[in-house]
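Everything on this sheet refers to the single structure shown next.
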Amino acid sequence: MLRRTGRRNRAGPRPADHGRGPGRTERLLQLSTPERRARAIVAALAITQTVGYGTLYYAFAVFLTPLAADLHASTTAVTGSFTASVLASAALAVPVGRWLDRHGGRLLMTAGSAAGALLLVAWSEVGSLGQLYAVQVGIGVASAACLYEAAFAVIIAWHSAKQRSSALLALTVVAGFASSVFLPLTGWLVDRHGWRTALLVLAAIQAVLTIPLHALVLRAPPGNPTSSDQERGQPVRLRAVLADRGFWLFALAFTANTAAVATVGVHLIAALIA
């Protein structure tokens with residue numbers, strides 16, 4: 001017994017580990033209110049972008065073949081409506097950006113999410129190509145208001161230059177699973193319930209998950225900008241951007257890449273089941 005006690009005494013009390021940093025809970029408590037809000041916004045947008053891209057973008061590939069069959073149209077004609085949707089979204093890029101700069105993303109993204117849900121319901125009722133094109137143009141407008149372009153602008157407004165890359169990376173990594181989740185889910189719904197009912201289910205998912213998160217979590221950025229004057233630098237004129245050769249090379253590269261990915265994505269399901 002004495003030996004054991006001696007060993008305990010010789011061991012002595014365990015020294016405090018001053019070299020270790022604060023734990024996760026302590027780090028979270030140390031965050032300021034704007035920092036906590038910024039993290040909540042990233043988490044919320046990661047969810048809404050995953051759902052939004054799944055319902056408003058990727059699901060189209062699954063609906064292509066049954067939709068063409070029911071409308072007695074070619075897949076080429078039906079795919080044209082998807083092109084119209086993308087063009088409508090692109091046309092609104094500048095107006096949406098100006099709105100976000102002036103008013104923030106809460107109202108716009110909430111309205112875009114609600115419009116997307118309603119348009120998915122309208123899509124389930126189409127009976128002609130004309131109606132399909134009208135709905136898809138509307139979905140393009142809704143997408144411009146609530147998908148990546150708007151989400152990126154919100155994140156940039158809430159984060160400093162040093163924090164933006166990690167915040168944007170977190171968002172895109174999570175939202176990158178949109179196709180992995182919604183392509184098989186939509187395919188299962190179409191097989192079990194038909195494409196019209198599948199669209200109603202997707203509309204419900206869109207409404208339940210995206211509208212509340214955009215309405216309750218998004219806020220205007222703090223009064224004090226997150227970036228210092230040195231980080232922001234001088235404003236860049238549009239004329240200077242358009243005269244920059246590098247800008248046009250990037251634009252061409254991104255356009256070609258997006259066109260290739262979209263072409264494969266839209267026709268992939270139809271090609272697999274052909």
Side-chain angles (χ1 to χ4, degrees), residues 19-58 89 93 96-110 112-113 143-182 209-236 241 244 246-247 249-251 253-255 257-258 261:
R20 297 177 62 183
R24 178 180 177 82
T25 303
E26 294 176 350
R27 290 196 300 270
L28 290 176
L29 292 175
Q30 291 171 0
L31 294 175
S32 64
T33 299
E35 289 174 323
R36 289 197 295 269
R37 173 64 65 175
R39 289 195 174 197
I41 286 174
V42 172
L45 290 177
I47 296 171
T48 63
Q49 296 309 291
T50 303
V51 174
Y53 266 99
T55 59
L56 301 177
Y57 187 87
Y58 288 111
S89 181
V96 164
R98 288 174 177 167
W99 172 278
L100 291 167
D101 287 341
R102 295 172 183 173
H103 307 288
R106 184 185 183 190
L107 178 60
L108 183 70
M109 297 191 75
T110 302
S113 297
S143 298
C146 68
L147 293 185
Y148 265 166
E149 289 76 11
F152 286 169
V154 169
I155 287 181
I156 288 172
W158 268 93
H159 292 80
S160 67
K162 293 181 179 179
Q163 298 170 327
R164 288 170 188 165
S165 58
S166 58
L168 293 172
L169 177 62
L171 172 63
T172 52
V173 166
V174 176
F177 288 97
S179 59
S180 301
V181 173
F182 280 89
L209 291 181
T210 65
I211 298 174
L213 285 174
H214 287 154
L216 299 177
V217 179
L218 299 188
R219 292 291 186 274
N224 293 326
T226 55
S227 301
S228 65
D229 293 336
Q230 289 80 8
E231 288 176 334
R232 291 195 303 270
Q234 297 297 321
V236 179
V241 173
D244 185 1
F247 166 79
L249 290 175
F250 269 117
F254 279 121
T255 301
N257 177 74
T258 303
V261 172

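Excluded from the calculations below are hydrogen atoms, water molecules and symmetry mates; all remaining heavy atoms, backbone and side chain alike, are included.
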Sequence-distant partners of Tyr53, ring-ring contact (aromatic ring centres under 6.0 Å, His included), two or more places apart: Tyr57, Tyr148
Minimum heavy-atom distance between Pro221 and Ala157, given as atom pair plus value: CB-O, 3.6 Å
Non-neighbouring partners of Leu108 that pass side-chain contact (heavy atoms from CB on, under 4.5 Å), sequence neighbours left out: Val96, Trp99, Leu100, Ala145
Donor-acceptor pair, side chain of Thr110 and main chain of Ala215, under 3.5 angstrom: yes
Shortest non-hydrogen separation from Leu209 to Pro212 and the atoms involved: C-CD, 4.2 Å
Partner set under side-chain contact (heavy atoms from CB on, under 4.5 Å) for Phe247, not counting sequence neighbours: Val241, Leu242, Asp244
Spacing of CD belonging to Glu149 relative to OG belonging to Ser143, to within rounding of 0.5 Å: 9.0 Å
Beyond-backbone contact of Phe152 with Leu171, side-chain heavy atoms, under 4.5 angstrom: yes
Between CZ on residue Phe182 and OG1 on residue Thr55, distance to nearest 0.5 Å: 6.0 Å
Donor-acceptor contact below 3.5 Å, side chain Thr258 vs main chain Thr255: no
Under 3.5 Å donor-acceptor, Gln49 side chain and Ala44 backbone: no
Side-chain heavy atoms of Leu45 within contact of Leu218, under 4.5 Å: yes
Ala178 to Gly54 - nearest heavy-atom pair and separation: CB-N, 4.0 Å
Residue pairs passing the side chain to side chain donor-acceptor pair (under 3.5 Å) test where at least one lies in residues 211-222, sequence neighbours excluded: Thr48-His214, Ser113-His214
Heavy-atom pair of closest approach, residues Leu147 and Met109: O-CE, 4.4 Å
From Ile155, Val154, Ile156, residue fulfilling side-chain contact (heavy atoms from CB on, under 4.5 Å) relative to Trp158: Val154
Taking every non-hydrogen atom, the tightest pair across Ser179 and Gly176: OG-O, 4.1 Å
